[in-house]
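By convention in this document, chain letters (A, B, ...) are assigned in the order of the sequence lines, proteins followed by strands, and residues within each chain are numbered from 1. Owing to the predicted nature of the structure, the values given are computational and were not obtained by experimental measurement.
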Amino acid sequence: MQSLFILKFLRNKISWLYLVSGGFLLCTALLGLLISSVHIPIPTILHIIFENTFHLGWVEGIAKNEEMIIWKIRLPRVVLAFCVGASLALAGAAFQGLLRNPLADPYTIGVSSGASLGAVIVLFFQLTMIGLGSFTLPVVAIFGGFISLLIVFGLVRVSSRSLAIETIILAGIIVSAFIGAIVSLIISLSDRDSMTQIIYWLYGSVGMRGWSHVQLIIPFMLVGICILFYHHRELNAFALGEDAADHIGVNVKRGKMLILLGASILTGAAVAVSGSIGFVGLVIPHLVRLVTGPNHRHVLPLSLLVGGAFLILADLVSRTIIAPKELPIGVITALIGAPVFALLLIRERLGRRGT
Amino acid sequence: MKEFMKKKRLGSIVFLFMIALMVGCGTENETTQTESNAGEEVTQETVNKESGQFPVTITDDAGREVTVDDEPESIVSIQASNTEIAFALGLGEKIIGVSDYCNYPEEALEKEKVGAQDINEELVLSLLPDMALVTDYHYNTHPDTLDKFEEAGITVIVVGSASSFDDVYEKIAMIGKATGSETKADEIIADMKKRHEAIKEIAAEEITDKKKVWVEVSPSPDIYTTGKNTFMHEMLESIQATNAAEDHDGWVKLTEEEIVKLNPDAIITTYGYYIENPSEQVLSREGWTEVPAIKNEQVFDVDNDTVTRPGPRLIEGVETLAELIYPEVFKK
């Protein structure tokens, strides 16, 4: 009962939540910058960041390699982790809202698998599209994700006419399984070098990337964020069911299409730069929704902040826990994510029984 | 094709000359290097060698021209074979970082581990070596990382993969030249060649009845073997043994049925470092009892690193194989 009271209290103080999430993000970002297998004194780190952003350095004689470690490796890594986590969590929030299903997430409905397949094809055949250059990878990944989404919806339409929620999840699992088989096929047909390359890539990681990958994801991330934030009212309306949404004057078809597109862009871009990292899109929006309630006006931005912070934290754990070696970040997100998810489910059920 | 494989030794020399000629159209540096790799005496080269002067310019295996301004005082080697080569060249003191898999020589185990396929960039930059020996895998998958290293003043040398002895000689020569230990590199190459030639000669003279050898690089149920274009194949050829998997290319997986049908006279396993009693495992396989290698208990395990790792110890691998497969000829 008491926790319910707290929840209600917090719901009224939504700005507090933004404050807490922002603070959480700032803390994890700072931790991500400060802690690593290589020790660099904190003043030096702060100096390097201020020097490179505002030209406001105060320490003399910083070693070139220390500057590169912070500015070219650690900072882009933290920023990239934030971008990927934020994109995945936001996409997950949109899918969950649209499909009214807490199980929906870029992975369960097949978008991630499609994006992975697109990316694997680009990596394996070393494709570069004319006029796209290094943007080939994210564009093809987004395209792959969107196509698999269309296939999922095609399957649903053929089987049940209305876009029934359960069928979407089922169709998503079918398509994921099929695409997974194609990826395995490509892996087994490739030579040993490309094999290791693809498998390492599929593990998912935000390490060894640098600013170029941040530049790859940022434009797509912004577009996706704009589309989804703009449609938060539609997402709220969909919570009542599609018919109800139609009755209160929402253009269901258009809204749904744009939301799916936005979420696919976010997922595809995230998969393209980091490989497949699971559970962020499932757990974070769910957690945020538990605290903030169902209003997407707050669920979306808070998912973005918390998702980003969560992935920074997960990355931090993955590179420090067995330093100097690294664990795949997907392992960490699943190890943290799955129990938290289970805990949330149990607590929710117990809470419901209590009232 | 078979004809070609039989004359592989001759063929590879001709091939190297052709490469030398082709590359010669590019730059002069490359010509001298490739020729010296082929073991030919080049007078220009010896002049340079004696003075041992830097800067030297080499063309690494990614095709980049790399100029080494000063003799490197500290080296990070992110592949086991390169680490072995560097230690053999007497650079052990200078090595300050190795890959996670470097296990030879023992001193390598005490060095800082800086990653494998994925490099711990921060660690390498904090060690700030003069030179980093990386692989073509790193070059293809993590070009950004190598750029960062170079920006920090680390000379990055890409060492490609090797599948023949000549490839290995080339690599040893390249690393030798880049680190100012050319004389030592030539010594190692000459020694390897001499020992290899000696074995080839004895084998060619004394072995009349060629044995068919089946190689296993991973245990059952996923039995991988080494086909053509592998060290194992070249080694077996040079000791006058037949590679049972000579119809295949590279590392391939065969089924038990196919292997039994090949009817090998001897079986070599290379996974004894992670499986207990590999020979017993092979000998106890059901349905293999009529295979000559099993009947005569000709199943041996060799140190994987000496037969698959493109380093100076390959020659030990050949010698071990020769003694195991033809003990009557090679074991004195």
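Checked for salt-bridge contact, B:D247 and B:K228 miss the test: no charged N lies under 4.0 Å from a carboxylate O. We find that A:R77 and A:D315 are joined by a salt bridge, their nearest charged nitrogen and carboxylate oxygen being less than 4.0 Å apart.
In this structure, chain A has a heavy atom under 4.5 Å from the side chain of B:T145, while its backbone stays farther away. With a threshold of 4.5 angstrom between heavy atoms, A:R74 approaches chain B through its backbone and through its side chain. The part of B:D100 that comes within reach of chain A is its side chain, from C-beta onward, which places non-hydrogen atoms under 4.5 angstrom from that chain. Of the two parts of A:H39, neither the backbone nor the side chain holds a non-hydrogen atom closer than 4.5 Å to a non-hydrogen atom of chain B. Neither the backbone nor the side chain of B:I154 comes within less than 4.5 Å of any heavy atom of chain A.
With 3.5 Å as the limit, one finds a donor-acceptor pair spanning the side chains of B:D301 and B:T269. Inspection of the B:N304 and B:T308 side chains reveals an N or O donor paired with an N or O acceptor under 3.5 Å.
Judged purely by atom type and a 3.5 angstrom limit, B:T306 has no side-chain atom pairing as donor or acceptor with the backbone of B:R313.
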